[in-house]
Amino acid sequence: MVRGLRTGSPAGIQWCTVVELAIAVRDVVRDYRRPRTSLTRPGPVVHALRGVSLDVARGQRFGIVGESGCGKSTLLRIIAGLDQPTSGSVQVGGVEISRLPERRLGFLRAQLQLVFQDPMGSLDPRMRVRDIIAEPLVAQGHRNNLARVHELLEAVGLQPESADRFPHQFSGGQRQRISIARALAPDPRILVADEPVSALDVSVRAQVLNLLDELVHRLSLTLVFVSHDLSVVRHVCDTVAVMNRGEIVEMGPTDQVYDRPVHPYARQLVAAAPRLQAALAGRTAAVLAAETLAARTVSSDSVGSPNPLARPEAPGLATTTAPRDSSTPTPDPTPDPTPTPDPTPASGPAPKDAP
Amino acid sequence: MSRLSRGAEALLPPRGRRSRLGVGATLIVGGGIVAVIAILAVISLVWTPFDVGEINAAERLATPSTRHWLGTDKFGRDVVSLLMVGSRTTLLVGLVSVGVAAVVGVPLGILSAMVPKWWGEVVMRANDLLLAFPALLLAIMLTAVHGQGVVTAMIAIGISTIPSFARVVRSGAIGVMKTEYVLAARAAGRRPVAIAARHVLPNVGSLVIVQASVSFAIAVLAEAALSYLGLGAPPGTPSWGRMLQEGQELLFVAPRLELYPGVAIALAVLGFNLLGDGLRDRFDPRLEDRR
């Protein structure tokens, strides 16, 4: 499927020319068996991944988008060596990892690290921040990591004093920074982020995204970024794969997929993408809805190509994209619904300063 | 923070204040009773009103007076002194049996949560078998083999308390194993033993403390029952259960001899149960943010 897409998709195909691959996934299938519900019959099989293939070149920023339950997190766990595929092959840095037992994945841990979705759940509530961040180092046999912990805290924009505190003393955005610091601790080459900003407030989201963006740039990391939110992926990724029901249905440069989606599902997804930038600019649900309506009329007579905004469902979706505070659209636009103003520029991967 | 969330906050019950009062009361009463028993036991090591080994026929079955606050038993021994020394046996049996149960049950529970599901089930079915086995029967068997004594009683109670620890710890550990921080630890390259020690154990620690407190109450009761049946403390070793047994023949002559150890046992059980409940509330995950 993906191979067909490759030959069929237009310009900007990086992966055909680049020899050095960070991650190569081939025909990965992952089936789960649900617990049996009957004595005589085995439990139903769930096909989480149905033959996924993708290549991530060194230094690439690869986004994976899809709705929840489409298998993107499963794919990520397999790439990270935390789950075994039912069939298929996964190579990281040229080494096959899909058949290796976990205790032999030490080399993978040193070069690939994860950032998780839930900023509370991914940090042990009973551990101090310094122990959390030092964990990958301790696992690799390093001792006396405090200097490195302080360095990492600084890199993610937290105070060195944070090291002695517990996760519950931090806000969601700060916890996600701690999570990023932990992932960067062993100086990995590949950073894999599983919905790293989905659990955050819209205003904090941009800050954490910008931080990720800047760190990936500064440390020249390869980034694999999973999200259900296409606008977030667009913000940080150069290439994107759209997943649906355990398959990659479309793959290509982010702007191309975003502006001219080919597959019907990709079109749907693009249309549903919340307009983060607009929300950050302080526009309310009502304004967003009005804009969507306007765009819909414009697009229908201007462009013949399938424009995502042409979908009739779009106005309704605008409501969900708005910041939480203005859940009921009011006719008069209130000034700024975001609780704390974002210090970093909200428009695209423009030059950023460290927070 | 915002208008909406302030409004939503107002709709919630005043959880913090109410629970602080509730948690405090249970914890303070339970802890207080346990502390009094422990202090009495410690004092009895250096001082008791009378020597409990001394038999004084002249003062047998004396009624409560300023000399003997709670009277004397059929050998003329001071009841207050007996209760004080008896609390030592009670606490010792509780500590050792709960210790045995925790040392075996906690690793068993964590192990059964971390091995593949099928093996965990095997461990738990074996656990159920032990749970179904009456502690009293185990004590009788052990006594038959090793003879009567406090140590036998402690071990018997300890073994029969293992399953409750293993079960509670397992359910907690299964929950911990599903969390993202354990996944993160795996992704960091932590070995299973390190995950068990650094993540699972600290996060089921509160469950263990609560279970220990509740098991302590059960152990106190079990020790009293075993001593009453003559399977625990041998004659001459003061114990609340023994006092009950010795007072039994005089139930209608001097019912107070049954009343005092009975009340002491009931208070101790109440104290440890309240302490356990208080600790449970204290460690309730929903109240975590108050820490």
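Values below: all heavy atoms of this structure, side chains included; hydrogens, waters and symmetry mates excluded. A, B, ... follow the sequence lines: proteins, then strands. Residue 1 opens every chain.
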Query raised in the report: So which residues of residues 181-194 of chain B are in contact with chain A at a heavy-atom cut-off of under 4.5 Å?
Result: B/Tyr181, B/Leu183, B/Ala184, B/Ala185, B/Arg186, B/Ala187, B/Ala188, B/Gly189, B/Arg190, B/Arg191
Report summary line: Assert top hit (heavy-atom pairs under 4.5 Å, partner chain B, pool A/Glu135, A/Arg77, A/Gln169) equals A/Glu135
Query raised in the report: Is there any residue in residues 103-124 of chain A with a non-hydrogen atom under 4.5 Å from a non-hydrogen atom of chain B, and which ones are they?
Result: A/Arg103, A/Arg109, A/Gln113, A/Leu114, A/Phe116, A/Gln117, A/Asp118, A/Gly121, A/Ser122, A/Leu123, A/Asp124
Report summary line: Quick note, side-chain hydrogen bond (donor to acceptor under 3.5 Å, both in side chains) partners involving residues 159-170 of chain B, not counting sequence neighbours, are B/Ser112-B/Arg170, B/Asp128-B/Arg167, B/Ser164-B/Gln211
Requested in this report: Could you walk me through whether B/Arg198 and A/Val138 pass side-chain contact (heavy atoms from CB on, under 4.5 Å), step by step?
Outcome: CA-CA 12 Å; B/Arg198 299 278 293 156; A/Val138 174; over 6 Å; no
Query - Neighbours of chain A found in residues 113-127 of chain B - heavy atoms under 4.5 Å - result: none
Query - A/Arg99 atom CZ: more than 12 heavy-atom contacts under 6.0 Å - result: yes
Query raised in the report: Quick check: are there more than 12 heavy atoms from other residues, nucleotides or ligands sitting under 6.0 Å from CG of A/Asp164?
Result: yes
